[in-house]
K.L.:
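Before I ask anything, let me first share the structure, which is written out below as structure tokens.
As the structure is a computational prediction, the values presented were derived from the model and not from experiment.
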Amino acid sequence: MSELNPNQRAVQNCLSLRGNSVGIKRRFGLACLSMMPLLLASTAVQAIATAPAIEATALLSAKDSDPNTLGWMQGFPPPPDKRLKVSDGSFFAFPALRYSVVNMRQFLPTVGVPHGIKESQPLPKTTDKMVSNAISQLEFTPTDGSKPMRFVDSLWHNYTDGIVILHKGQIVYEDYFAALTADKQHAAMSVTKSFTGTLAAILVAEGVLDDSKKVSEYVPELSDSAFGDATVRQVMDMTTGLKYSEDYADPEAEIWAYSAAGNPLPKPKDYTGPVGYFEYLKQVKKQGEHGEAFGYKTINSDALGWIIAKVTNKSVAELLSEKIWQRIGMEQDAYYQVDELGIPFAGGGLSAGLRDMARFGELIRNQGLWQGEQIIPAAAIKDIQQGGDVNAFAKAGYRNLEGWSYRDMWWVTHNKNGAFAARGVHGQTIYIDPAAEMVLVRFASHPVAGNGANDATSLPAYQAVADYLMKQSATQP
């Protein structure tokens, strides 16, 4: 196993909490327990995003860590050695996290995103098995320069729980692994941010929200915080100057206070900090100037969630249901984790079905049009696709994402196909390739908490599928 730096070690210690936490230093013990919901949202600490925290060979493989085989939470009641708990962090320690990402509602309080009473509309599926088989056998070379890999092997390598690929709105590839099945929801983690950003982009396109206005004009409660003099656009693109550290190795880092505030579990008797995500945001201090550099900080998403709630008088869960979930034939309700005040976690709390995520991706790919009805203003999609400030993004130092940008809480590649994506820790994605007319959605439970652990074998795999589908289209009459 490679040597971990202090930042990586701190995160891994939190992710590996099991059993009784008495032996852990009190400050870190309570903080680790309270940060578990937040870990679902972290794409992450730069140290994790740019360097492998764990060698994959040192862990159970995807097949050996299958939760169905390991028997987590099976039985009435489950035997003691198969029980998972939020209170001691064991529910989110690998390999148990492979079970919990499909059962978040079993462990944490949530609020629903209803799909309404209309019948679901099945996604069309190709009857040509040759296409699915061909995609499985596609070969690509990982960006780390290692030997060629088959697409199907990359799914196991990246601990995939489920994947669906649409081409021109039709399912051409679909498979499920581990605890996920077609009728279950999976934690979307930071893919949630892109839903929050999309809702805001819709409101801007509808004229309900002015992204040039200061945050304080919409949320007076944030007037004295760092967000007060930031524009809504700067929050949407995460170019705010905030004194906020996600350095988990630092006991004084702001991440600990934020996660403790949002923790839905009972607070310790001597707790005197903020209660809930919104109350924490009011105390965030400014550091640097707004608009100068991209900085991936989850608190921007929750600030945007508050702005959305203020201008619509609806939570992000209610608005997502109204604007999208009830309108495009979703199969299942989705749901959000909430803080103890019932506020949805706009930065990483969404869980949804795989096919429903694909429907959303197809809606975005089609410029907001669904079966002849304009569900999302086309202007909102165009705004996402144009991307953000590439130079501001470059200052964040993502070595594997050179030339990318961030807009409306979407990651924009600026590659030749104009691809853009929603991304979440442990391998979640909605990857949209307009040129290939492709939407690829993947849920995963990779043991390493950072996309840097799977990008080398994911991004080139997506491109290989896109290239194949484009060739298929070119040869068809």
K.L.:
With distance as the sole test, does K297 use its side chain to make a donor-acceptor pair with the main-chain N or O of L242 at under 3.5 Å?
P.N.:
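It does hold such a pair.
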K.L.:
Can you find a side-chain donor-acceptor pair between T198 and D408 that sits under 3.5 Å?
P.N.:
no
K.L.:
For Y296 and W411: C-alpha separation, side-chain torsions, deciding distance, then whether ring-ring contact (aromatic ring centres under 6.0 Å, His included) applies.
P.N.:
CA-CA 11 Å; Y296 186 86; W411 302 78; 5.5 Å; yes
K.L.:
Other residues, nucleotides and ligands only: do more than 12 of their heavy atoms fall within 6.0 Å of CG on N313?
P.N.:
no
K.L.:
Using the rule ring pair (Phe, Tyr, Trp, His ring centres under 6.0 Å), only one of F420, Y398, F294 pairs with Y406; which is it?
P.N.:
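Looking at F420, Y398, F294, the match for Y406 under the ring pair (Phe, Tyr, Trp, His ring centres under 6.0 Å) is F294.
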K.L.:
With a 4.5 Å cut-off on side-chain heavy atoms, are M409 and N300 touching?
P.N.:
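SC-SC contact between N300 and M409 confirmed.
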K.L.:
Ignoring hydrogens, what is the shortest heavy-atom contact between V235 and A303? Give both atom names and the distance.
P.N.:
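For V235 and A303, the tightest heavy-atom pair comes out as CG1-CB, 4.4 Å.
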K.L.:
Using side-chain heavy atoms (C-beta onward) and a distance below 4.5 Å, is V441 in contact with Y431?
P.N.:
no
K.L.:
How about L203 and T312: do any of their side-chain heavy atoms sit closer than 4.5 Å?
P.N.:
yes
K.L.:
Report yes if some heavy atom in the side chain of L222 is under 4.5 Å from a heavy atom in the side chain of K282; otherwise report no.
P.N.:
yes
K.L.:
Would you find more than 12 non-hydrogen atoms of other residues, nucleotides or ligands less than 6.0 Å from K314 atom NZ?
P.N.:
no
K.L.:
Would you check, one step at a time, whether the test side-chain contact (heavy atoms from CB on, under 4.5 Å) holds for I308 with T196?
P.N.:
CA-CA 9 Å; I308 289 170; T196 304; 4.0 Å; yes
K.L.:
Using atom types as modelled and distance alone, determine if a side-chain donor or acceptor of T160 lies under 3.5 Å from a backbone N or O of L155.
P.N.:
yes
K.L.:
Which heavy-atom pair separates L97 from S445 by the least distance, and what is that distance?
P.N.:
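That closest heavy-atom pairing would be CD1-CB, 3.4 Å.
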K.L.:
Looking just at side-chain N and O atoms, do S120 and H115 make a donor-acceptor pair shorter than 3.5 Å?
P.N.:
no
K.L.:
Tell me whether Q337 contacts the main-chain N or O of L108 through its side chain, where contact means a donor paired with an acceptor under 3.5 Å.
P.N.:
no
K.L.:
Rounded to the nearest 0.5 Å, what separation is found between the CD atom of Q463 and the OG1 atom of T143?
P.N.:
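The distance works out to 12.5 Å.
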K.L.:
Determine yes or no for a side-chain-to-main-chain donor-acceptor pair under 3.5 angstrom, with S136 supplying the side chain and V152 the backbone.
P.N.:
no
K.L.:
Keeping K267 on the side-chain end and N263 on the backbone end, is there a donor-acceptor pair under 3.5 Å?
P.N.:
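Between the backbone of N263 and the side chain of K267 there is a qualifying donor-acceptor contact (under 3.5 Å).
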K.L.:
Would you name the heavy atoms of E340 and L265 that are closest together and state the gap between them?
P.N.:
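What the structure gives for the nearest pair is OE1-O, 4.3 Å.
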K.L.:
Show your reasoning for whether side-chain contact (heavy atoms from CB on, under 4.5 Å) applies to V425 and N451.
P.N.:
CA-CA 6 Å; V425 73; N451 278 311; 5.6 Å; no
K.L.:
Does the side chain of I324 come within less than 4.5 Å of L363's, by heavy atoms?
P.N.:
yes
K.L.:
Just to verify, which of I307, L304, I299, V219 counts as forming a side chain to side chain contact (heavy atoms under 4.5 Å, CB included) with F227?
P.N.:
I299
K.L.:
Aromatic contact between F151 and F140, with the criterion being ring centroids under 6.0 Å apart: yes or no?
P.N.:
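Not under 6.0 Å, so no.
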K.L.:
Determine whether E318 and V113 make a side-chain contact, defined as any pair of heavy atoms from C-beta on separated by less than 4.5 Å.
P.N.:
no
K.L.:
Could you check whether W156 and F177 have their ring centres less than 6.0 Å apart?
P.N.:
yes
K.L.:
Between D455 and N400, does any side-chain donor sit less than 3.5 Å from a side-chain acceptor?
P.N.:
no
K.L.:
Look at the rings of H186 and F443 and say which category their plane angle falls in: under 30° parallel, 30 to 60° tilted, over 60° perpendicular.
P.N.:
parallel
K.L.:
Main chain of A178, side chain of D161: is a donor-acceptor contact present, judged purely on distance under 3.5 Å?
P.N.:
no
K.L.:
How about F107 and F92: are their ring centres within less than 6.0 Å of each other?
P.N.:
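No.
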K.L.:
Is the closest basic N to carboxylate O distance between R327 and E322 below 4.0 Å?
P.N.:
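No, R327 and E322 are not salt-bridged.
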K.L.:
Determine the minimum heavy-atom distance between L401 and F393, stating which atoms define it.
P.N.:
O-CE2, 3.6 Å
K.L.:
So, S315 versus Y336: side-chain donor-acceptor pair below 3.5 Å or not?
P.N.:
no
K.L.:
Quick one: does D339's side chain get under 4.5 Å of F345's, heavy atoms only?
P.N.:
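No, every pair of side-chain atoms sits at 4.5 Å or beyond.
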K.L.:
Can you see whether Y335 has R105 sitting over its ring - NZ or CZ less than 6.0 Å from the centre and within 45° of the normal?
P.N.:
yes
K.L.:
Are E362 and R365 ion-paired here, with the side-chain N under 4.0 Å from a carboxylate O?
P.N.:
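Salt bridge flag = yes for R365 with E362.
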K.L.:
Check whether T429 reaches the backbone of R423 with its side chain - one donor and one acceptor, N or O, closer than 3.5 Å.
P.N.:
no
K.L.:
Hey, is the main chain of A182 close enough, under 3.5 Å, to the side chain of Q332 for a donor-acceptor pair?
P.N.:
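Yes, Q332 side chain to A182 backbone: donor-acceptor pair under 3.5 Å.
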K.L.:
So, N158 and S458: side-chain donor and acceptor under 3.5 Å apart, yes or no?
P.N.:
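Note: N158 and S458 side chains meet the donor-acceptor criterion.
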K.L.:
Quick one: CZ on F278 to CD1 on I343, what's the gap to the nearest 0.5 Å?
P.N.:
4.5 Å
K.L.:
Would you sort out whether Y99 and F91 count as a ring-ring contact (aromatic ring centres under 6.0 Å, His included), showing the intermediate values?
P.N.:
CA-CA 8 Å; Y99 173 88; F91 87 112; over 10 Å; no
K.L.:
Quick check: closest heavy atoms across L469 and A436, and the distance to 0.1 Å?
P.N.:
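Closest heavy-atom pair between L469 and A436: CB-O, 4.4 Å.
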K.L.:
Show your working on side-chain contact (heavy atoms from CB on, under 4.5 Å) between M104 and Q106 and close with a plain yes or no.
P.N.:
CA-CA 5 Å; M104 296 309 299; Q106 183 175 344; over 6 Å; no
K.L.:
Dump the intermediate steps for side-chain hydrogen bond (donor to acceptor under 3.5 Å, both in side chains) on S321 and Q326, then the final yes or no.
P.N.:
CA-CA 6 Å; S321 175; Q326 296 188 42; 2.8 Å; yes
K.L.:
Closer than 4.0 angstrom, basic N to acidic O: yes or no for D66 and R98?
P.N.:
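No, no charged N to carboxylate O under 4.0 Å.
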K.L.:
Closer than 3.5 angstrom, by distance alone: can the side chain of Y176 be matched with the main-chain N or O of A179 as a donor-acceptor pair?
P.N.:
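Pair absent, no side-chain N/O of Y176 close to backbone of A179.
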K.L.:
How far apart are the closest heavy atoms of Y280 and A261, and which atoms are they?
P.N.:
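The pair with the smallest heavy-atom distance is CB-CB, 3.9 Å.
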K.L.:
Can you tell me how far OH of Y258 sits from CD of Q283, rounded to the nearest 0.5 angstrom?
P.N.:
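If we round to the nearest 0.5 Å, Q283:CD and Y258:OH are 12.0 Å apart.
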K.L.:
Answer with yes or no whether the side chains of D88 and S90 bring together a donor and an acceptor at under 3.5 Å.
P.N.:
yes
K.L.:
Enter the distance from M357:CE to R355:CZ here, rounded to the nearest 0.5 Å.
P.N.:
15.0 Å
K.L.:
Ignoring hydrogens and angles, tell me if any N or O in the side chain of R442 forms a donor-acceptor pair with the backbone of G427 under 3.5 Å.
P.N.:
yes
K.L.:
What is the distance from atom CG of D175 to atom CG of L354, rounded to the nearest 0.5 Å?
P.N.:
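One finds 10.0 Å between CG of D175 and CG of L354.
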K.L.:
Does the side-chain contact (heavy atoms from CB on, under 4.5 Å) test come out yes or no for V164 and Y173, once each step is laid out?
P.N.:
CA-CA 5 Å; V164 63; Y173 194 95; over 6 Å; no
K.L.:
Looking only at side chains, do Q385 and Q367 share a donor and an acceptor under 3.5 Å apart?
P.N.:
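Q385 vs Q367: donor-acceptor pair found between side chains.
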K.L.:
Would you give the length of the straight line joining atom CD1 of I364 to atom CH2 of W370, rounded to the nearest 0.5 angstrom?
P.N.:
11.0 Å
K.L.:
Do the non-hydrogen side-chain atoms of N103 and M73 ever get within less than 4.5 Å of each other?
P.N.:
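They are not in side-chain contact.
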K.L.:
Side chains of T240 and Q234: donor-acceptor distance under 3.5 Å anywhere?
P.N.:
no
K.L.:
Is a salt bridge present between R233 and D383, judged by a nitrogen-to-oxygen distance below 4.0 Å?
P.N.:
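Result for this pair is yes, salt bridge flagged.
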